[in-house]
Protein chains: 2
Amino acid sequence: MSPRTITDKEFAQREIEIIEIARGLIEFECITTLTIDKLVAAAPYSKGTIYKHFISKEDLFLAICNTCMSEIKELFIRALAFNGSSRDRLEAIMVSYLIWAKLHPAQLFAVLTAHSPSVTACSSDNRLIEHNQCEHQLMELIGVEINLAINTGDLTLPPDMLFEQVTFAYWSAAWGAMALIMSKGESIKLEPMVLERESFTNSRLILDGFGWKPLSNEKDYNQTVRKIAHEIFQPELDTLLKMGTPFIFN
Amino acid sequence: MSPRTITDKEFAQREIEIIEIARGLIEFECITTLTIDKLVAAAPYSKGTIYKHFISKEDLFLAICNTCMSEIKELFIRALAFNGSSRDRLEAIMVSYLIWAKLHPAQLFAVLTAHSPSVTACSSDNRLIEHNQCEHQLMELIGVEINLAINTGDLTLPPDMLFEQVTFAYWSAAWGAMALIMSKGESIKLEPMVLERESFTNSRLILDGFGWKPLSNEKDYNQTVRKIAHEIFQPELDTLLKMGTPFIFN
DNA sequence: TCGTCACGTGACGATTCGTCATTATAAACT
DNA sequence: AGTTTATAATGACGAATCGTCACGTGACGA
């Protein structure tokens, strides 16, 4: 009754495989120069099959973005294992985010462009839902830490403020620095701005603005960042060094 | 010796005209659906002529973006006329930025997408230089106010920090909120985040983080925002109301 | 009036996207 | 084993769009 069927699992597996191939292509070219035809040429599947998975090129982009966000999530989880104050762990999240960005600059572009309206407009509903879940999960991880901080008294939630606003403030400040600095090609530099430094600056300002203890003038967070990086992300630091783009400490 | 010449001035004028036509098209469609062919159909010039002005579609996008930034600059200048503290005037800049964004949501998308690597890659050098100048001018306006604050003692520049970093921190936090909230289509909402509220929150956090006086717990900035909006941007507020997207005060 | 040369034009080749008619194939059945 | 059958895979194709370039046009000087 059902000849030549493909199981859901096989289908999902193949989707992952295609996404990985696409990510591989991006590494050498750029998200912009990636075309469906190139992907078809590089993958052991035909165009029709690929369009079974992604309803459009943008849908593929968003799928790549979602995969990246899942990867980032894993790093976040590792970061949250840092033994320190709640604020230390937020710093650790920033470290992990930066490390990922530096490890995969081409992929980061994919994540950035995935936030453009064209991608949102041309992606499948399921993919968009998945994307929202990914974003939600990342924010949730930050949210848990914020809750902890409130419970321990390190952070006092301003009375007229929603809980999610704290997450959003932190996330958006990090996003802004990332987007502005990384979008500039090598051709034009945005002053002498350094991704790592400005990101930590934004983090510090936002958290100090909340009065999240210990404040940055009570503690040397540069030291904390070094400790986090070496304790949790030493392998990644080594890779970055080998890539010629070492993590820059203050 | 030179038959049928076009002066530089005429050329520049025509460029402005074409950009305005393109902006008009964007209003009804979207930056993504804007094609050169549509522009050619809408403009009294042929494709060849248009390609005399813009070396690529992306170059046109960046030109639109630059025009928008010049418009924003004018609003910034108006904002800076606000009679108050230096921090009040930064708040005024945020108000003007938000008002522009709400007045021209479609154009804002153009500005956002103009920051994607594809646009940077395919634009002419001149256009990129112009873009950098626009960005620089906007930041410079903020920079002037920061200097004033330092001179009056409202702000103490952290010893290990460059002057430009203050500007960048403020600008990137504003950018992040804008990019994250506006990039979400109507389909998917990012929690109950409100552009105006989160923008002012970010602004307050960053400036409080710097210890920029008067701090937000010493003064009701919601009141200041209302004052700024009504004193300087009442016509725009009325327009927004008519558009059905009123400026949202806290 | 005519020649010239910069400017304007839009047809065209080249890409790339996404579809769909056709082919291949594995399971079920005889 | 051979046949049937429904589903999956394929890639040729039409449509859309980009950017170019060979040709047309017209203002000005001679």
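Just so we're on the same page: letters track the sequence lines, and every chain starts at 1.
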Taking the six-membered ring of B:Phe233, is the NZ or CZ of B:Arg78 close enough (under 6.0 Å from the centre) and on axis enough (within 45°)?
no

Closest to the A:Lys52 side chain: C:dT16, D:dA9, D:dG19?
D:dA9

B:Glu27 and B:Gln107: side chain donor to acceptor below 3.5 Å
yes

A:Leu39 CG - C:dT16 P separation (whole Å)
13 Å

Between B:Glu20 and B:Arg23, is a salt bridge (Lys or Arg N to Asp or Glu O under 4.0 Å) present by the stated rule, with each step listed?
CA-CA 5 Å; B:Glu20 283 312 313; B:Arg23 292 181 74 190; 3.4 Å; yes

Using a strict cut-off of less than 4.0 Å between a Lys/Arg side-chain nitrogen and an Asp/Glu carboxylate oxygen, indicate whether A:Lys102 and A:Glu236 qualify as a salt bridge.
no

Closest approach of B:Ala114 and B:Thr120, non-hydrogen atoms and distance?
O-OG1, 4.4 Å

To the nearest angstrom, the CD1-C1' distance between A:Ile36 and C:dG18 comes to 9 Å

Roughly how many Å is it from OH in A:Tyr51 to P in D:dC13, rounded to a whole number?
18 Å

Select one nucleotide: of D:dG19, C:dT9, C:dC17, the one nearest the side-chain heavy atoms of A:Thr35.
C:dC17

What integer distance in Å separates B:Lys57:NZ from D:dA16:P?
15 Å

Assign B:Thr49 to base, sugar-phosphate, or nothing according to its heavy-atom contacts below 4.0 angstrom with the strands shown.
base

pair_partner(D:dA30), Watson-Crick or wobble, both distances < 3.5 Å, evaluates to C:dT1

Protein-nucleotide distance (B:Glu10, atom CD; D:dA27, atom P), rounded to Å:
13 Å

What's the CG-P distance between A:Leu60 and C:dC17, to the nearest Å?
10 Å

Atom-to-atom span, CG of B:Asp37 to C1' of C:dC12 - whole angstrom
13 Å

Presence of B:Arg14 side-chain N/O under 4.0 Å of C:dG8 phosphate oxygens OP1/OP2
yes

Would you say A:Lys47 reaches D:dG11's phosphate, i.e. side-chain N/O to OP1/OP2 under 4.0 Å?
no

C:dG18 C1' sits how many Å from A:His53 NE2, rounded?
16 Å

